[in-house]
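Just so it is clear: chains get the letters A, B, ... in the order the sequence lines come, proteins before strands, and each one is counted from 1. Scope of the values below: all heavy atoms of this structure, side chains included, with no hydrogens, waters or symmetry mates.
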Number of protein chains: 2
Amino acid sequence: MLYSGFMSASEPPFPKPQEPQEPLGGPQLLEVGSAPDEPCLRADAARNRARLLDAAARLIAEHGAAGVTMEAVAAEAGVGKGTVFRRFGDRTGLLTALLDHSARNLQADFLGGPPPLGPGAPPVERLRAFGVAVLYRAVDRLDLELAAQPEPTRRYSHPSVQALRTHVTVLLRQIDPDADCDLLAQTLLAYLDPALINHLTRQCGMPMERLEKGWLDLVDRVTRTVG
Amino acid sequence: MLYSGFMSASEPPFPKPQEPQEPLGGPQLLEVGSAPDEPCLRADAARNRARLLDAAARLIAEHGAAGVTMEAVAAEAGVGKGTVFRRFGDRTGLLTALLDHSARNLQADFLGGPPPLGPGAPPVERLRAFGVAVLYRAVDRLDLELAAQPEPTRRYSHPSVQALRTHVTVLLRQIDPDADCDLLAQTLLAYLDPALINHLTRQCGMPMERLEKGWLDLVDRVTRTVG
DNA sequence: CATCTAAACGGACCTCGGTCCGGATCGTAA
DNA sequence: TTACGATCCGGACCGAGGTCCGTTTAGATG
């Protein structure tokens, strides 16, 4: 079961002259398990891309996400700075690419994995499991996720976010077809926003169990109207 | 009825050597209607502060929020760049200061204004009115609000946000004392986030009426458990 | 009014994200 | 193998945010 078209795919089209960028996630269906994304890259380009991702990961491991300077990444990868930007568009793009694997895995799990996350379980169950999964995925990528957070205008248009939203919307519609599921989905997803999770856990010191309970309770309240 | 201590007050303490900044909003009670915030500023400092805010507002009117460069503001105000930073800490601080008036007004309204926003109406009524008020306040300051959005880490620690959160939490506790009102408050506030409102209205083209209905519905669902 | 100190000022300076374009490379076709 | 065009590379360059520190000034004190 694949939705209309967005999986992850967070990179800009190859040349960026003229049209600043493909406005939203391109409509390319990807089978969920695929590791190599970029479809047709010239050999050297692909090689450099790999080097760059590798270098970025290394820098993060060493100096945290804050140490990931575009120039540093370029140097560490042994390429020029321009190359980084051509490949990933901007800093957010690079960081997002690093998160891509885990995003894809998550998608694979809730699109085609075993219940209760995947299809097979009743929608409410799936929704509950979904939140918990996102919650836990978020916490261990938290630093990166925060660093990758784009300017407010782009927050909601990113393909991977759209995928989550679509999934929640679909589930909600199965549960309560008469509600404004788009808006409810936004609300639910907002609860799972990395920035919020960061604030609650690190700044307020809440334990994960509480957030988890909070999610289940929220789902209850939001879906209780029906049935 | 004033809560423990945060109104708006978005400026850094005067000298910023040593301790990077007062970590969270300082605990200074302010009567709600006060226009001049900064308590004890040297004459020249106060004068320059006013000039800077004025200059910034002018620049926004002329070139939009994007045109508000720290250097441009400094030039327009006829002061040095360092002065801008000492006074407002950073760009976000400056932009936030511009939003301060409307933030204060809103606070005054829900803390001491007439019902249903202010005290006197039943909590659920107040909550409904609150959301609608925030919604509409957000839309006409949208550009500025987006531009002022700080990095994810600071989003939730800003005094004016804390004030909103506290208010919602208090209302929720009156409605359903057994719930995890802190978490529910976060969820409700997330629905009112400027970035989300921007996305829904401008990028998705939803009319305000729908957002408004969505808020009322959300409040219903979240509070329906009780009563 | 003279003096003194804390506070404020200003602009040179640094870093980093992002752009640009001449030159090097890949890959294909002859 | 040679030739050629599309693609990619690299690093100089630019603008903007943010820092630093020597200098100036408000305003309190005697």
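Salt-bridge check for A/D109 with A/R104: failed, with every basic side-chain N at 4.0 Å or more from each acidic carboxylate O. Under a 4.0 Å N-O distance rule, the pair B/R202/B/D143 qualifies as a salt bridge. Salt-bridge check for A/D90 with A/R154: passed, with a basic side-chain N closer than 4.0 Å to an acidic carboxylate O. Salt bridge A/D180/B/R210: present, at least one basic N to carboxylate O contact under 4.0 Å.
Looking at heavy atoms from C-beta onward, A/R126 lies in side-chain contact with A/H167 at the 4.5 angstrom threshold. The shortest side-chain heavy-atom distance between B/T153 and A/Q149 does not fall under the 4.5 Å cut-off.
Of the side-chain N and O atoms in A/R87, one or more sit less than 4.0 angstrom from OP1 or OP2 of D/dC9. Side-chain N/O atoms of B/T83 include one lying less than 4.0 angstrom from OP1 or OP2 on C/dG10. Between B/N48 and the phosphate of C/dA8, there is no side-chain N or O to OP1/OP2 separation shorter than 4.0 Å.
Contacts of residues 58-71 of chain B with DNA chain D (heavy atom under 4.0 Å): B/V68, B/T69, B/M70.
Interatomic distance, CZ of A/F88 versus CG of A/L52, reported as 5.5 Å (0.5 Å rounding).
A donor and an acceptor atom, one from each side chain of B/Y136 and B/E212, are located under 3.5 Å apart.
We find that CZ of B/R47 is positioned 10 Å from C1' of C/dC9, with the value rounded to whole Å. Look at CZ on B/F85: it is 15 Å from P on C/dG11, rounded to the nearest Å. Atom CG of A/L41 and atom C1' of D/dC8 are 10 Å apart (whole Å). Computed from coordinates, the B/F88 CZ to D/dG17 P distance equals 15 Å when rounded to whole Å.
Nearest to the side-chain atoms of A/R91 among the listed nucleotides C/dG17, D/dC8, C/dC9 stands C/dG17.
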Heteroatom pairs (N/O) under 3.5 angstrom, protein to nucleotides 21-25 of chain C:
from: C/dT25; atom 1: O2; to: A/R42; atom 2: NH1; distance (Å): 3.2
from: C/dT25; atom 1: O2; to: A/R42; atom 2: NH2; distance (Å): 3.1

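For B/A43 and B/K81, each mapped to the nucleotide of DNA chain D holding its nearest heavy atom, the one lying further toward the 5' end belongs to B/K81.
Aromatic ring orientation, A/F130 versus A/W215: tilted (interplanar angle from 30° to 60°).
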